[in-house]
Amino acid sequence: MSEMYNHKVVEKKWQKIWDDNKAFAVTNDFTKPKFYALVEFPYPSGQGLHVGHPRPYTALDIVARKRRMQGYNVLYPMGWDAFGLPTENYAILNKIHPKIVTKNNVARFKEQLHSLGYSFDWDREINTTDPEYYKWTQWIFLKLFNAGLAYKTEMPINWCTSCKVGLANEEVVNGVCERCGSEVVRKVKSQWMLKITEYAQKLIDDLDGVDYIEKVKVSQKNWIGRSEGAEVDFSIKDKEDKLRIYTTRPDTLFGVTYMVVSPEHPIIDKYKDEIGNWDEIVDYRNMASKKSDFERTELAKDKSGVQIQGITAINPVNGREIPVWISDYVLMTYGTGAIMAVPAHDDRDWEFAKKFNLPLIQVVGKDGAVVDIEAEAFTDVATGVLMNSDFLDGLEVKDAKVKIIQFLEEKNIGIKKVNFKLRDWVFSRQRYWGEPIPIVKCDKCGYVALPESELPLELPEVESYMPTDNGESPIAAMTDWVNTTCPCCGGAAKRETDTMPQWAGSSWYFLRYTDPDNTQALASKEALNYWLPVDWYNGGMEHTTLHLLYSRFWHKFLYDQGVVSTKEPYQKRTSHGMILGSNGEKMSKSRGNVVNPDDIVSEYGADTLRTYEMFIGAFDLSASWSEDGVKGCRRFLDRVWKLQDMLNDDMNYSKSMETMMHQTIKKVSNDFENLKYNTAIAAMMALINEFYKQGSVTKGEFKTLLALLNPVAPHITEELWSIAGFENSVYQSTWPEYEEAKTVESIVEIAVQINGKTKTTISIDKDAAKDDVIAMAKEAISDKLTGDIIKEIYVPGRIVNIVAK
RNA sequence: GCCGGCGUGGCGGAAUUGGCAGACGCACAGGACUUAAAAUCCUGGGGAGUUAAAUCCGUACCGGUUCGAUUCCGGUCGCCGGCACCA
């Protein structure tokens, strides 16, 4: 009899063997077929690894291990996204350099990941805070700057009145500062921006060529928010200026009854002297500017606004004079900051018109018939037909759009226009723990790029990481570092003291893994050509908009620069669900439902944790933790362990067992490719249940089982492989093959139904002729069959249905 | 409000193109082993009904298509996640 399974000894033993033999190192043979599996690298927080981390890591570890056994050269790397606020805040609080904090956290994370037996190639470990790494982050920034895609502008930012610091959107929770709970207001500051909007169309179009799960594609598209419409110029009565608006419904131009401009619109200041109610306008603007985003949202239902007295606009298609209002439901940052209002056919305009008693003109009807626009706006584009609109009358909405745009362009009063919701990327942070922006400001030459030879521009040592009162980065106090000479004219100049956001380092990290030690380039051309695109990238849904969009943007830019040779960085993108606490709530310290993976590894073993996290439920859905579930998986592995005592090659050859083996190989092989880890494991459980029922297992079958289970539970399977005396190691063996023909059972049990209700089952030969099967079926249910038979249906190998009356 | 997803036993969850609903696991119950317990092994199981069967009801709810619907279509309700007036 074998000894009890001791996971502590076995797991340590095999982890050492893998390390000593560099079992999962990538080969540089670029002629071999490659597979690049990628998981989002973690932020090494002070809390250490969370049980949520192993879910995606194990899933792709399974795929990576399987691919190696199938003969691929597999790149499955890991690194650290280590710049960021929590580390900086910890450093401030404890007066420890963020570098030290990061180093300690990374060491802990690495040890924890190592204890889980992942097949990462640790020789390719990267860290975004390593100057040799962020040298290339800065290099990409310079490329963007030189290409005119990085610029500086005045931008309102979130400002905490108590901490006196600029906050990222993520740090503003319900309108207050995440850290101190104080009010957050808007403050205008000069910020570095990246022109991601330049790539908006490509970022949509190229989604067609990649294999992302549908909801990821949808959220990318929604975030970019493309809309087609027209810009139209409205003249202002007795003035030369025109008021330009953007609309997606140019077909409703005859239904305009007023206009609205945003409170920040420049036209207001321009005609200040002629506005009759200037004081009222100023009051409204002040009120609007004080509103935080949160308040604006809260008031979303109730529209507010003020009419501008003394300014009248003229509808270019019918000459009608219309009033102009200001209201904060019109945003300066989208379109032209001004709209034409068609209250009969737009919900927001309708609400506004109702509140201020503005007239409604119906110009679209349902299939041409008048509808009650006093009750609600009629916005249905599909059934709408134009009316009261001169030459557009009788046209369907889509045709009317084409005709009106043609008209506007001919008369030179408007043009067709595409708009995006996507805004340029605010790229600066007034923080210490980030990549310095390699730019110098010279009074004579303006913003000047640092020469490449001066990269990396390293973070200076500062005394305090505390942000300054005036909202500048702590680096600004380092005058030695800040004062420099202009690379362009040699005169006195100052360095940029803002740093990059955390998104920067993670926007290109997958490129660095392909050639992490390269000092001449971010990676060699050969390595990039060979490894890209990433074949399979898995990450959390929380990163499907920003991180995914940002990294696709950088990649497309690098493609245009000739640095990489693929348009898209990731061929396939999948997402995993969250692991919740046993009470079904998100795990958090305050809820007291946090599970530490170290405890699970120690008590049940890494293989058990891996198996459980894969068995817990559908991979893409969230799942609640259950310690009992963990025990069940440990029990399964114990049962696998004890199979070593049931090896018996003398037993009779069993046809049904052969079928089950082939079915299991097929199921496990397919399920591992389709995120269906839970059913793959269920199939293996069913297989060993069968071995137990027989009381024995052949060496061949055992060997196959070990190979199939190895990606999920690598340690125990290696140990059993070695005990059984199979050659080499599992990781050096090949993935089991199955024969399709042998997955089919020769005798199948099928259901016999009357009128779709199952009455009994019969066993038939899988190749039996339809007539024979039906005859057998009728025989089997002869006592229940009454009435005339109308129809006989036979679905081969599945079901017989007799329709009788 | 809009977008996306999800509603199946006591619980986590399975079900190819529509084809025996509840695989696999947990918890539970019974049995074997044990002085006993734990562990392990075996057996059972949606509900009603019956000694047992037959039979009926069951995939959130209502309706439709079909020989046949957890699956497809229309509507209703509930839960989760994301976005917030984008003209």
Side-chain angles (χ1 to χ4, degrees), chain A residues 4 214-219 221-223 225-227 229 245-250 252 259-260 262 293-294 296-303 327-331 333-342 345-349 351-352 419-423 541-542 544-545 577-578 580 582 584 611-612 615-618 620-633 635-636 638-639 642 670 676 678-687 689 692-693 695 749-761 784 790-804:
Chain A
M4 288 246 305
E214 197 52 32
K215 64 174 170 179
V216 171
K217 282 193 184 182
V218 168
S219 52
K221 283 181 192 162
N222 288 348
W223 191 267
R226 182 184 198 272
S227 73
I245 61 95
Y246 173 71
T247 178
T248 55
R249 292 294 303 276
T252 61
M259 297 181 80
V260 187
S262 87
D293 282 352
F294 181 60
R296 277 176 94 139
T297 304
E298 264 203 324
L299 297 171
K301 296 255 156 21
D302 196 18
K303 299 264 183 295
S327 173
D328 63 3
Y329 85 89
V330 175
L331 311 172
T333 45
Y334 184 78
T336 62
I339 62 159
M340 63 180 212
V342 187
H345 304 293
D346 180 277
D347 292 326
R348 292 151 312 186
D349 296 345
E351 261 181 67
F352 191 84
N419 260 328
F420 298 94
K421 282 195 229 177
L422 184 68
R423 313 284 165 79
M541 273 310 281
E542 69 274 22
T544 48
T545 41
M578 235 194 307
L580 305 171
S582 51
T611 306
Y612 175 63
F615 189 62
I616 194 167
D620 58 333
L621 299 178
S622 55
S624 302
W625 188 264
S626 152
E627 181 105 9
D628 282 331
V630 177
K631 284 182 192 155
C633 288
R635 197 172 296 157
F636 163 62
D638 279 331
R639 278 163 73 81
K642 284 184 289 188
N670 291 338
K676 301 183 79 170
N678 54 338
T679 51
I681 291 168
M684 289 187 276
M685 286 172 168
L687 180 66
N689 287 348
Y692 270 71
K693 209 170 272 176
E749 195 174 75
I750 64 165
V752 180
Q753 302 181 331
I754 300 173
N755 295 333
K757 299 218 172 205
T758 302
K759 296 298 170 187
T760 188
T761 59
K784 288 165 190 142
I790 297 166
K791 206 170 170 185
E792 292 161 345
I793 294 156
Y794 174 49
V795 181
R798 292 231 168 247
I799 206 163
V800 172
N801 189 14
I802 308 293
V803 187

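Side chains are part of it too, since the values below use all heavy atoms of this structure and drop only hydrogens, waters and symmetry mates. Below, chain A is the first sequence line, B the second, and so on; all start at residue 1.
- In this structure, Lys303(A) is positioned above the aromatic face of Tyr329(A), its NZ or CZ under 6.0 Å from the six-membered ring centre and within 45° of the axis.
- Where Gln753(A) and Asn801(A) each meet RNA chain B at their nearest nucleotide, the meeting point lying more 5' is that of Gln753(A).
- In the set C24(B), C67(B), A87(B), the nucleotide with an atom closest to the side chain of Ile339(A) is A87(B).
- Taking only side-chain atoms of Val218(A), from C-beta outward, the nucleotide of G19(B), C3(B), A87(B) with the closest atom is C3(B).
- Look at Asn678(A) and you'll find a side-chain N or O under 4.0 angstrom from OP1 or OP2 of A14(B).
- Candidate nucleotides A87(B), A14(B), C20(B) were compared by shortest atom distance to the side chain of Arg798(A), and C20(B) ranks first.
- Taking side-chain N and O atoms only, Thr545(A) has no distance below 4.0 Å to OP1 or OP2 of G82(B).
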Item to complete: Go along nucleotides 38-49 of chain B 5' to 3' and tag each nucleotide: B for a protein heavy atom under 4.0 Å from its base, S when only backbone or sugar atoms are that close, - otherwise.
Response: --SSS-------
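- For C26(B), its base never sits under 3.5 Å from the side chain of Lys631(A) at any donor and acceptor pair.
- We find the OG1-CD1 distance between Thr758(A) and Ile799(A) to be 5.5 Å, quoted to the nearest 0.5 Å.
- Lys757(A) has no side-chain polar atom (N or O) that falls below the 4.0 Å cut-off from OP1 or OP2 of G58(B).
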Restricting both atoms to N or O, compile the protein contacts to nucleotides 5-12 of chain B shorter than 3.5 Å, with distance only.
{"from": "G12(B)", "atom 1": "O2'", "to": "Ile616(A)", "atom 2": "O", "distance (Å)": "2.9"}

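- Along RNA chain B, the nucleotide nearest to Lys421(A) and the one nearest to Met578(A) differ in position, and the one closer to the 5' end is contacted by Met578(A).
- The side chain of Trp223(A) sits closest to C83(B) out of C24(B), C83(B), A14(B).
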